[in-house]
Peer 1: 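Have a look at the structure that comes next, please.
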Amino acid sequence: MPRYEYRRIGPEPEGEKAFLGWIQQLDSEFANPDPAHRSDVVRDALHGLYGLHDSRGNLARESLLHSLDPRNASLEPEYYGDVDAAKYAERKPLIWFWMMYDRSPVGLNHWLGFQMRAMLAKHVFKHCGKNVKIFHGVEVSFGYNLTVEDNCTIHKYVLLDDRGELIIHEGSSISDFANVYTHSHDLNDGMIITNHKTELGPKARVTYHATVLSGVRVAEHGMVGSMGVASKDVPAYNVVAGIPAKTIKVKTIAPGQGK
């Protein structure tokens, strides 16, 4: 069977210069962790992205203008009782920019988006490695408990819940609409939360619409099949599927397996 590599594509030189200049400018501004400074930068950048100017008297337009300022927006993780308010305050403006960037007219420009999100991830995540490719619509909880190592790919509309610690090891891939969790709720009292460490990889794959529950380790070259729910650890080189997910095969590249 043929093996297909990603093609190398990019914008025209003039466009690339403009895109990278904008990202570098934002990166320089975001190096200042002060939430007020970051909020000012995000507000102005989003006003520019959405082509908005101050328009007093039009209440709908005023509401939109104010909502693009992260100080006037509330995000779900802010309501969680276990949030580290100081750490989240530094990241909230950038998380808000990330979300609004993805919903803007440039949000589906993949080449630009990969560069923009990699830059933001450097400031939002606990650690973001090299050659990390993040598609549009990805959402995180806190950001500061999330580690993404080198050469990982996170496809569109993935939820990365890092209320506990989430580590995505080198070379792992998470497909569209997958969910990875690090917290669970008490059966009798949903306000009682337990946070865990969840780990993927290295070189693990969580495929389309699959879910990895809190505290699960998908080991090296482990794979969770489409629509599967991994409620227990996935052994190295095992392919699991179903609800709850169980091993259906072992990869032929596993040590001791014939090809």
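Because the structure is a prediction, the values reported are computed rather than measured.
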Peer 1: Any sub-3.5 Å donor-acceptor pair from Tyr50's side-chain atoms to Met100's backbone N or O?
Peer 2: yes
Peer 1: Counting distance only, does the side-chain N/O of Ser67 pair as donor-acceptor with the main-chain N or O of Leu64 below 3.5 Å?
Peer 2: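 Such a contact is absent between Ser67 side chain and Leu64 backbone.
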Peer 1: Can you label the angle between the Phe142 ring and the Tyr88 ring as parallel, tilted or perpendicular, going by 30° and 60°?
Peer 2: perpendicular
Peer 1: Between Thr194 (side chain) and Ser184 (backbone), is there a donor-acceptor pair under 3.5 Å?
Peer 2: no
Peer 1: Of the non-hydrogen atoms in Ile193 and Gly190, which two are nearest, and what is the gap between them?
Peer 2: CD1-O, 3.8 Å
Peer 1: Atom CD in Gln24, atom CG in Asp27: separation rounded to 0.5 Å?
Peer 2: 8.0 Å
Peer 1: Less than 4.0 angstrom from a charged side-chain N to a carboxylate O is my criterion; do Arg103 and Glu139 meet it?
Peer 2: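 The answer is yes: the pair qualifies as a salt bridge.
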Peer 1: Quick check for you: to the nearest 0.5 Å, what is the distance between Asp44 atom CG and Glu29 atom CD?
Peer 2: 9.5 Å
Peer 1: Are a donor atom and an acceptor atom from the side chains of Tyr237 and Thr252 found within less than 3.5 Å of each other?
Peer 2: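 No, no side-chain donor-acceptor pair sits under 3.5 Å.
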Peer 1: What's the separation between atom CD1 in Ile168 and atom OG in Ser173, rounded to the nearest 0.5 Å?
Peer 2: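 Ile168 atom CD1 to Ser173 atom OG measures 10.0 Å (nearest 0.5 Å).
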Peer 1: Okay, side chain of Ser39, backbone of Pro35: is any donor-acceptor separation there less than 3.5 Å?
Peer 2: yes
Peer 1: With heavy-atom distances below 4.5 Å as the criterion, would you say the side chains of Ile248 and Val240 are in contact?
Peer 2: no
Peer 1: Give a yes or no answer on whether the side chain of Thr207 reaches the backbone of Val224 with a donor-acceptor pair at less than 3.5 Å.
Peer 2: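 Between the backbone of Val224 and the side chain of Thr207 there is a qualifying donor-acceptor contact (under 3.5 Å).
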Peer 1: Considering residues, nucleotides and ligands other than Leu187, do more than 12 of their heavy atoms fall under 6.0 Å from its CG?
Peer 2: no
Peer 1: Do other residues, nucleotides or ligands put more than 12 heavy atoms under 6.0 Å from the CE atom of Met227?
Peer 2: no
Peer 1: Is the positively charged end of Lys126 above the ring of Tyr144, judged by distance under 6.0 angstrom from the centroid and angle within 45° of the axis?
Peer 2: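 Verdict for Tyr144: no cation-pi partner in Lys126.
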Peer 1: Apply salt bridge (Lys or Arg N to Asp or Glu O under 4.0 Å) to Lys92 and Glu78, showing your working.
Peer 2: CA-CA 9 Å; Lys92 178 192 170 180; Glu78 292 184 273; 3.2 Å; yes
Peer 1: How long is the straight-line distance from CG of Asn195 back to CG of Leu166, given to the nearest 0.5 Å?
Peer 2: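 Between Leu166 CG and Asn195 CG, I get 12.0 Å after rounding to 0.5 Å.
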Peer 1: Going by ring-ring contact (aromatic ring centres under 6.0 Å, His included), Phe135 matches just one of Phe114, Phe177, Trp111. Which one?
Peer 2: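 Output: one option passes, namely Phe114.
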Peer 1: Report yes or no: does Asp161 contribute a side-chain atom to a donor-acceptor pair with the main-chain N or O of His183 at less than 3.5 Å?
Peer 2: yes
Peer 1: Do Lys203 and Glu170 meet the salt-bridge criterion of a basic N to acidic O distance under 4.0 Å?
Peer 2: yes
Peer 1: Which heavy atom of Pro70 sits nearest a heavy atom of Arg43, and at what distance?
Peer 2: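 For Pro70 and Arg43, the tightest heavy-atom pair comes out as CD-N, 4.3 Å.
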Peer 1: At what distance, to the nearest 0.5 angstrom, does CD1 of Ile174 lie from OG of Ser172?
Peer 2: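 It comes to 7.5 Å.
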Peer 1: Are the side chain of Asp233 and the backbone of Val216 linked by a donor-acceptor contact shorter than 3.5 Å?
Peer 2: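 Not confirmed, Asp233 side chain does not pair with Val216 backbone.
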Peer 1: Before accepting this row, confirm whether a basic side-chain N of the pair Asp176/Lys156 lies closer than 4.0 Å to the acidic partner's carboxylate O.
Peer 2: yes
Peer 1: A side-chain contact here means heavy atoms from C-beta on lying under 4.5 Å apart; do Asn145 and Phe125 qualify?
Peer 2: no
Peer 1: Looking only at heavy atoms, what is the nearest atom pair of Pro77 and Ser141, with distance?
Peer 2: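 Nearest pair, atom of Pro77 first, then Ser141: CG-O, 3.3 Å.
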Peer 1: Could you walk me through whether Thr182 and His196 pass the side-chain hydrogen bond (donor to acceptor under 3.5 Å, both in side chains) check?
Peer 2: CA-CA 5 Å; Thr182 62; His196 305 95; over 6 Å; no
Peer 1: Has the side chain of Asn238 got a donor or acceptor atom that lies under 3.5 Å from a matching backbone atom of Ala236?
Peer 2: yes
Peer 1: Do Arg91 side-chain atoms and Val124 backbone N/O form a donor-acceptor pair below 3.5 Å?
Peer 2: yes
Peer 1: Keeping Arg205 on the side-chain end and Met223 on the backbone end, is there a donor-acceptor pair under 3.5 Å?
Peer 2: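 Absent.
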Peer 1: Can we call the ring centroids of His136 and Tyr157 under 6.0 Å apart?
Peer 2: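 Yes, ring centres under 6.0 Å apart.
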Peer 1: List the atom of Ala219, the atom of Pro235, and the distance in Å for their closest heavy-atom pair.
Peer 2: CB-C, 3.9 Å
Peer 1: Once you round to the nearest 0.5 Å, how far does CG of Leu200 lie from CD1 of Ile154?
Peer 2: 9.0 Å
Peer 1: So is Arg163 actually on top of Tyr80's ring, under 6.0 Å and inside 45° of the axis?
Peer 2: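 Yes, a cation-pi geometry holds between Arg163 and Tyr80.
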Peer 1: Start with the C-alpha gap between Asp150 and Asn131, add the side-chain angles, then the distance that decides, and say whether side-chain hydrogen bond (donor to acceptor under 3.5 Å, both in side chains) holds.
Peer 2: CA-CA 6 Å; Asp150 296 349; Asn131 194 33; over 6 Å; no
Peer 1: Salt bridge check: are Lys197 and Asp162 linked by an N-O gap of less than 4.0 Å?
Peer 2: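 Result for this pair is no, no salt bridge flagged.
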Peer 1: Check whether any side-chain heavy atom of Leu120 sits under 4.5 Å from a side-chain heavy atom of Phe30, and report yes or no.
Peer 2: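 Answer yes - side chains close enough.
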Peer 1: Parallel, tilted or perpendicular for Tyr101 and Trp22, by the 30°/60° rule?
Peer 2: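 If you compare the ring of Tyr101 with that of Trp22, the planes turn out tilted.
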